[in-house]
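Since the structure comes first, as structure tokens, the remarks are kept for the end.
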Amino acid sequence: MTMIVLTTLPMNSRPAAARHDTTAQQDTAARQDTNGGTPIRRAPASSVQIRPPLQALRTKGRAAAALRHRIAATKGKVRGTTWHGRASGLRISGNRAMRRISRAGLGWQATGRCTDQNRPYCTSLHSIRYGTLMKTIDLKRRSGCRIVITGGTETGHAHGVYSHGNGYKVDIRHNECIDSYITRKFRFYRTRGDGAALYRNKENDIYAREPDHWDLLLH
């Protein structure tokens, strides 16, 4: 007689191969695209590049562009001033002033070929304000024109607070270049009582066009 023994296996007792197939199917299902069922190819973790947010990229780009703009603005261009405005009220000697204009390439002319401050036919720069002198030098550098000083602090000019004698004014000789620059660059202000046309810049400096020279009031 042959005896048959039936044995009931536990529910979770599946062969290893079956468990492996089930796990593989579950992993494949988890990787299925929900729209079309196309498997998603996942790159290895080491090859994934983390990019910053778009806003961070834009901010960094704007900062770099601003830096390039600042660098470009300083190349090949004349600066607004060549001196510190805090020193504008200082008075300097005639010799020092003459050395300054000579190094800057400005010319100087006097009817009497002298620099005596007490003689009206001389052209003196003694006790001129540092700001007045440096703004005159800046005018040459900005315009690229020839500048010849024909009047300074010598006696013979009109008196007043903002006068030649107090170091606020210089006279420069006419030439086609500087005439064109002043009338084109600065705004016409009004006509002075003696008929001189006045031009004014953004710093409220006044350029008076007299018959034989420009009379500059430089604050």
Side-chain angles (χ1 to χ4, degrees), residues 65-111 113-115 122-154 157 162-164 166-192 194-219:
L67 178 60
R68 289 194 299 269
H69 177 74
R70 288 196 298 270
I71 294 174
T74 60
K75 291 183 177 180
K77 294 184 178 181
V78 177
R79 294 182 298 170
T81 59
T82 58
W83 51 284
H84 295 291
R86 295 188 301 272
S88 62
L90 296 178
R91 303 299 182 97
I92 61 176
S93 68
N95 289 336
R96 183 182 176 188
M98 293 295 286
R99 288 196 299 270
R100 284 274 185 177
I101 66 170
S102 178
R103 287 199 299 267
L106 278 71
W108 168 90
Q109 183 180 13
T111 305
R113 298 183 180 181
C114 53
T115 60
C122 299
T123 298
S124 175
L125 297 178
H126 180 69
S127 195
I128 193 172
R129 294 172 67 256
Y130 184 71
T132 303
L133 183 69
M134 295 310 294
K135 280 191 173 184
T136 307
I137 293 174
D138 286 335
L139 179 63
K140 177 189 182 300
R141 291 177 175 173
R142 292 177 181 177
S143 66
C145 301
R146 171 71 170 162
I147 299 292
V148 177
I149 296 176
T150 61
T153 58
E154 67 279 354
H157 297 283
Y162 300 108
S163 62
H164 282 270
N166 282 342
Y168 283 90
K169 282 189 170 188
V170 292
D171 295 336
I172 63 173
R173 192 169 63 193
H174 281 297
N175 64 60
E176 184 177 352
C177 179
I178 197 61
D179 292 352
S180 175
Y181 179 83
I182 292 175
T183 56
R184 175 174 46 85
K185 189 73 173 179
F186 305 136
R187 184 173 60 86
F188 175 76
Y189 175 41
R190 62 182 177 86
T191 301
R192 201 167 61 183
D194 60 355
L198 304 181
Y199 296 84
R200 183 168 63 180
N201 64 9
K202 294 180 180 179
E203 297 175 340
N204 288 323
D205 297 325
I206 304 296
Y207 301 75
R209 187 170 192 169
E210 298 189 11
D212 59 348
H213 66 271
W214 284 96
D215 178 56
L216 311 184
L217 170 56
L218 308 174
H219 299 90

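When all heavy atoms of C145 and I178 are compared, the pair lying nearest together is SG-N, 3.5 Å. Taking every heavy atom of both residues into account, T153 and H126 meet most closely at OG1-O, 2.7 Å. Contact detail for A197 and F188: the closest heavy-atom pair is CB-CE1, 3.8 Å. Looking at every heavy atom in both residues, A97 comes nearest to I128 through CB-CG2, 4.2 Å. Between R146 and L106, the shortest heavy-atom contact is NH1-C, 4.1 Å.
The side-chain contact (heavy atoms from CB on, under 4.5 Å) search around R103 returns R99, R100, not counting sequence neighbours. Scored by the side-chain contact (heavy atoms from CB on, under 4.5 Å) test, H157 finds E154, H164, D171 as partners (sequence neighbours excluded). Scanning for side-chain contact (heavy atoms from CB on, under 4.5 Å) contacts around T183 gives Y199, R209, W214, with sequence neighbours left out. Residues passing the salt bridge (charged side-chain N to carboxylate O under 4.0 Å, His left out) test with D194 are R192, sequence neighbours excluded. Legend: residues meeting side-chain contact (heavy atoms from CB on, under 4.5 Å) with R200, ordered by chain and number and at least two apart, are R187, Y189, N204, I206. Partners of R173 by side-chain hydrogen bond (donor to acceptor under 3.5 Å, both in side chains), not counting sequence neighbours, listed by chain and number: Q109.
Between H219 and Y162, the two ring planes are perpendicular [angle over 60°; tilted spans 30° to 60°].
Atom CG in N201 sits 10.5 Å away from atom NZ in K185 (nearest 0.5 Å).
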